[in-house]
Amino acid sequence: MNRSARAFWLRSPGHGELRDVPLAEPAADEVLVRALYSGVSRGTETLVFRGGVPHSQHAVMRAPFQEGDFPGPVKYGYLSVGVVEQGPAELTGRTVFCLYPHQSRYVVPVSAVTVVPERVPAARAVLAGTVETAVNALWDARPLIGDRIAVVGGGMIGCAVTALLARFPGVRLQLVDADPARARTAEALGVDFAAPSDALGDCDLVVHASATEAGLTRALQLLAPEGTVVELSWYGDRSVALPLGEAFHSRRLTVRSSQVGTVSPAARAGRTYADRMALALDLLADPALDALITGESAFEELPSVMPRLASGEIPALCHRVRYPDTGLT
């Protein structure tokens, strides 16, 4: 049977389009997935859309099912939720998450999909990749009961980290952002909010996710002696200056990176990528995480929506893409 799908491609920086793509017949160890929703991560994906991936990071930044290469043409994305239409009996008809670009249907190995728990709505499951990043970050950060913690940067990743930290007992937690509108998100997540100038100091741990030099500088200022900043921001091709003079050494501060491409070595021995993704999907049973989805549009509108997301005209944490329920072609 000749079948095709529609996929979003970045033709060149700043210019996207929908293309018809052929679909292969799934093999015995593959599934055919019909997309229900996908998510646009405003940080990484809009950086890709602007053509901001440094040449040295082209290989590192590849998404699992990416086609083409940076800066374009490239098919990029990694937050897809759909229904298995063809495959093993135990998966057929199940809702699954896959690290796949924005495409109406796709064929992938069985090992590439994770079943979405029944208690997690498909529309919320687009956050699985984001919550997975937050899980890995907290494995790296190792927060303790009673810690004084700030999350600087109330974007998609910062809010996901905040949502998980809100479950830790006895912590003093603030979401810190220069945008006062993020106060509403903090309230929905059940945590305190502060502007950078008003944030509480003497923090044992600061998670930084603002992707700004000013945010990282403020994160260092908020630390108590021996404190740690866990850096989650992706700066692309931008350089960042840090105040590593002054009291940085005398206060014995630490800045460490966290990146989802590797399972944190601080995780329990034997934890795999599949374990981490399954945990992320299980955590998405919390309806408070709906606060991270701040907009929705139809798949057909994506070529006109992406430039507005990249420019900030559409303010967003996670922007959800909705697919039509159509038959095979």
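Note that this is a predicted model, so its numbers are computed, not measured.
- For the residue pair Ser264/Asp140, the side-chain donor-acceptor check at 3.5 Å is satisfied.
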Could you pull out every donor-acceptor pair under 3.5 Å between side chains of residues 147-161 and any protein atom, sequence neighbours left out?
from	atom 1	to	atom 2	distance (Å)
Asp147	OD2	Leu144	N	2.9
Arg148	NE	Asp202	O	3.0
Arg148	NE	Asp204	OD2	3.1
Arg148	NH1	Asp202	O	3.4
Arg148	NH2	Asp204	OD1	2.8

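- Checked against ring-ring contact (aromatic ring centres under 6.0 Å, His included), His249 has no partners two or more places apart in sequence or in another chain.
- Shown here for Gly87 and Thr92, the closest heavy-atom pair between the two residues is O-OG1, 3.1 Å.
- Heavy-atom contacts from other residues, nucleotides or ligands closer than 6.0 Å to CZ of Arg172 number more than 12.
- With sequence neighbours left out, the ring-ring contact (aromatic ring centres under 6.0 Å, His included) criterion links His15 to no other residue.
- At a threshold of 4.5 Å between non-hydrogen side-chain atoms, the residues Val229 and Leu253 do not count as touching.
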**OP:** Run the numbers on Leu317 and Arg182 for side-chain contact (heavy atoms from CB on, under 4.5 Å), then give the verdict.
**Re:** CA-CA 10 Å; Leu317 294 176; Arg182 289 289 177 258; 3.5 Å; yes
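- In the displayed structure, Glu226 atom CD is contacted under 6.0 Å by more than 12 heavy atoms of other residues, nucleotides or ligands.
- Using a cutoff of 4.0 Å between basic side-chain nitrogens and carboxylate oxygens, Arg268 and Asp275 are not scored as salt-bridged.
- Summarising the geometry of Ala310 relative to Arg50, their closest heavy-atom pair is O-NH1, 3.4 Å, with the distance given to 0.1 Å.
- A donor-acceptor pair is defined here as one N or O able to donate and one able to accept, closer than 3.5 Å; such a pair exists between the side chain of Gln174 and the backbone of Leu200.
- Side chains of Glu85 and Arg105 form a contact here, defined as non-hydrogen atoms less than 4.5 Å apart.
- Using a 3.5 Å distance cut-off with no hydrogens or angles, the side chains of His102 and Glu45 do pair a donor with an acceptor.
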Original post:
Does the pair Val113 and Val31 meet the rule for a side-chain contact (heavy atoms from CB on, under 4.5 Å), with working shown?
Top reply: CA-CA 9 Å; Val113 300; Val31 289; 4.0 Å; yes
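- Counting all heavy atoms, side chain and backbone alike, Ala163 lies closest to Leu289 at CB-CD2, 3.5 Å.
- Surrounding CZ of Arg11 are more than 12 heavy atoms belonging to other residues, nucleotides or ligands, all under 6.0 Å away.
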Original post:
Would Tyr37 and Arg124 satisfy side-chain contact (heavy atoms from CB on, under 4.5 Å), going step by step from the backbone distance to the final call?
Top reply: CA-CA 9 Å; Tyr37 301 98; Arg124 189 187 305 150; over 6 Å; no
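- The distance from atom CD of Glu296 to atom CZ of Arg322, rounded to the nearest 0.5 Å, is 4.5 Å.
- Counting only heavy atoms from C-beta outward, the side chains of Arg167 and Asp286 approach each other to under 4.5 Å.
- Contact between Gly14 and Pro307 at its shortest, heavy atoms only, is O-CG, 4.3 Å.
- One N or O on the side chain of His208 and one on the backbone of Leu216 form a donor-acceptor pair closer than 3.5 Å.
- To the nearest 0.5 Å, the span separating OG1 on Thr114 from OH on Tyr273 amounts to 14.0 Å.
- With a 4.5 Å cut-off on side-chain heavy atoms, Leu242 and Leu220 count as touching.
- The backbone N or O of Gly72 sits nowhere less than 3.5 Å from a side-chain atom of Ser12 that would complete a donor-acceptor pair.
- The shortest distance between side-chain heavy atoms of Leu292 and Leu189 falls below 4.5 Å.
- The aromatic rings of Tyr76 and Tyr78 sit perpendicular to each other, their planes meeting at more than 60°, with 30° as the lower class boundary.
- Relative ring orientation between Phe49 and Phe8 is described as parallel, the plane-to-plane angle staying below 30° on a 0-90° scale split at 30° and 60°.
- Residue Leu309 holds its CG atom at 10.5 Å from OG of Ser41, rounded to the nearest 0.5 Å.
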Original post:
After noting the C-alpha distance and the side-chain angles of Glu213 and Ser239, does the key distance pass the side-chain contact (heavy atoms from CB on, under 4.5 Å) rule?
Top reply: CA-CA 9 Å; Glu213 183 176 306; Ser239 297; over 6 Å; no
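- Panel note: side chain Glu301, backbone Ala298; a donor-acceptor pair is recorded below 3.5 Å.
- Looking only at atom types and distance, the side chain of Ser38 has a donor-acceptor partner in the side chain of Tyr323 under 3.5 Å away.
- For the residue pair Pro196 and Asp177, the shortest heavy atom distance occurs at CD-O, 3.4 Å.
- Note that the CZ atom of Arg276 and the CH2 atom of Trp139 stand 6.5 Å from one another [nearest 0.5 Å].
- Side-chain atoms of Asp29 do not come within 3.5 Å of backbone N or O of Pro109 as any donor-acceptor pair.
- Pro88 is listed as a side-chain neighbour of Val110, based on a closest heavy-atom distance under 4.5 Å.
- A heavy-atom distance below 4.5 Å is not found between the side chains of Glu132 and Phe97.
- Taking CD of Glu17 as the reference point, atom CH2 of Trp9 lies at 9.5 Å (rounded to 0.5 Å).
- Taking the side chain as every heavy atom from C-beta outward, Leu23 and Gln103 approach each other to under 4.5 Å.
- Checked by atom type and distance alone, the side chain of Glu246 never pairs as donor or acceptor with a backbone atom of Phe248 at under 3.5 Å.
- Of the possible polar contacts, one joining the Gln66 side chain to the Gly68 backbone as a donor-acceptor pair under 3.5 Å is found.
- Nearest approach of Ala188 to Ala291, heavy atoms of both residues: CB-CB, 3.7 Å.
- Distance check, rounded to the nearest 0.5 Å: OG1 of Thr294 to CZ of Arg184 gives 11.0 Å.
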